[in-house]
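What follows is a single structure, written as C-alpha cells, with notes after it.
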Amino acid sequence: MIEIVENYEKYIDSLPELINKSYYKAEFFMQKLGLKHATYYRKLKSKTFTHQEVKLITKLLFPEELLIEELKKGEEDIRAGRTIDFDDFKERLRAKYNI
C-alpha cells in the first residue's frame, strides 16, 4: 500500500512536466478543469490538484490508454454476452435522438 502512495506522489510531482510536454496548451487544461488562470497555475505549482482533477488530467494526457481500456471493457462485455443486436441498437438510437 505504501508503494501505491509513493507512486501516486511521484506521479503528482511529474504532472507539471507531463503537462508541459503534452501537445495541449495550458488554456485547454484550464477549460477542461473549469479553473481560472491563477487557480490553475497555483495548483500546478503547488501540486494541489484534487483527485478528480488528476484523473481528468491523466485521461487528457493519455487518451490512447483510455481507449485501450474502453476496448478491453467492450471485449469483456462481448465474452460475457452483454450485447444487443443491431435492430435493438437502432431502436435505442431512434428513441434517444428522436430520429
Side-chain angles (χ1 to χ4, degrees):
M1 199 55 102
I2 293 171
E3 183 180 348
I4 293 171
V5 174
E6 289 174 351
N7 287 339
Y8 183 76
E9 287 176 350
K10 288 178 187 175
Y11 179 66
I12 296 299
D13 288 342
S14 71
L15 271 181
E17 183 179 347
L18 290 170
I19 290 171
N20 190 39
K21 288 182 178 180
S22 75
Y23 296 109
Y24 303 113
K25 294 184 178 185
E27 288 77 22
F28 174 77
F29 289 101
M30 287 181 231
Q31 178 190 23
K32 293 294 184 182
L33 294 168
L35 299 175
K36 294 183 179 182
H37 188 270
T39 305
Y40 170 78
Y41 282 106
R42 178 182 47 79
K43 287 185 169 199
L44 190 63
K45 183 178 179 180
S46 61
K47 301 170 188 161
T48 55
F49 288 111
T50 66
H51 300 298
Q52 293 83 7
E53 290 168 339
V54 171
K55 189 174 181 179
L56 180 56
I57 291 168
T58 302
K59 288 179 180 180
L60 296 171
L61 288 174
F62 304 103
E64 301 87 9
E65 289 182 27
L66 181 63
L67 178 60
I68 290 169
E69 288 299 315
E70 291 296 322
L71 289 172
K72 286 179 183 177
K73 287 178 189 176
E75 289 173 348
E76 290 172 12
D77 285 342
I78 291 169
R79 281 191 220 105
R82 293 185 297 265
T83 61
I84 60 172
D85 66 20
F86 184 68
D87 291 331
D88 289 341
F89 176 72
K90 286 192 313 188
E91 285 303 316
R92 288 183 185 188
L93 281 179
R94 284 188 182 117
K96 183 174 181 177
Y97 296 106
N98 296 321
I99 298 175

[X] side chain near [Y] side chain, heavy-atom distance below 4.5 Å:
{"X": "Gln52", "Y": "Leu56", "value": "no"}
{"X": "Thr39", "Y": "Met30", "value": "no"}
{"X": "Gln31", "Y": "Tyr24", "value": "no"}

Next on the checklist: For a quick test of reading the model, state the closest non-hydrogen atom pair linking Ser22 to Leu61 and the distance between them.
Outcome noted: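 Looking at all heavy atoms of both residues, the shortest contact is CB-CD2, 3.6 Å.
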
Side-chain heavy atoms nearer than 4.5 Å, only ILVMFWY residues, links allowed to pass through others: does that put [X] and [Y] together?
{"X": "Leu66", "Y": "Phe49", "result": "no"}
{"X": "Ile19", "Y": "Phe62", "result": "yes"}
{"X": "Ile78", "Y": "Phe86", "result": "no"}
{"X": "Ile57", "Y": "Ile12", "result": "yes"}

Between [atom1] of [X] and [atom2] of [Y], what distance do you get to the nearest 0.5 Å?
{"X": "His51", "Y": "Lys55", "atom1": "NE2", "atom2": "NZ", "result": "12.0 Å"}
{"X": "Arg82", "Y": "Lys73", "atom1": "CZ", "atom2": "NZ", "result": "11.0 Å"}
{"X": "Lys43", "Y": "Leu33", "atom1": "NZ", "atom2": "CG", "result": "8.0 Å"}
{"X": "Leu71", "Y": "Ile68", "atom1": "CG", "atom2": "CD1", "result": "7.5 Å"}

Next on the checklist: I'd like to know whether OH of Tyr11 has more than 12 heavy-atom contacts from other residues, nucleotides or ligands below 6.0 angstrom.
Outcome noted: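 Result for OH/Tyr11: enclosed.
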
Next on the checklist: Does anything in residues 89-99 form a salt bridge (Lys or Arg N to Asp or Glu O under 4.0 Å)? List the pairs, not counting sequence neighbours.
Outcome noted: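 Residue pairs with at least one partner in residues 89-99: Asp87-Lys90, Glu91-Arg94.
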
Item to check | Parallel, tilted or perpendicular: rings of Tyr41 and His37 (30°, 60°) | outcome: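 The arrangement is tilted - the two ring planes meet at 30° to 60°.
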
Checklist entry - Relative to the ring of Phe29, is the ring of Tyr40 parallel (under 30°), tilted (30 to 60°) or perpendicular (over 60°)? => result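 Parallel: the ring planes of Tyr40 and Phe29 meet at under 30°.
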
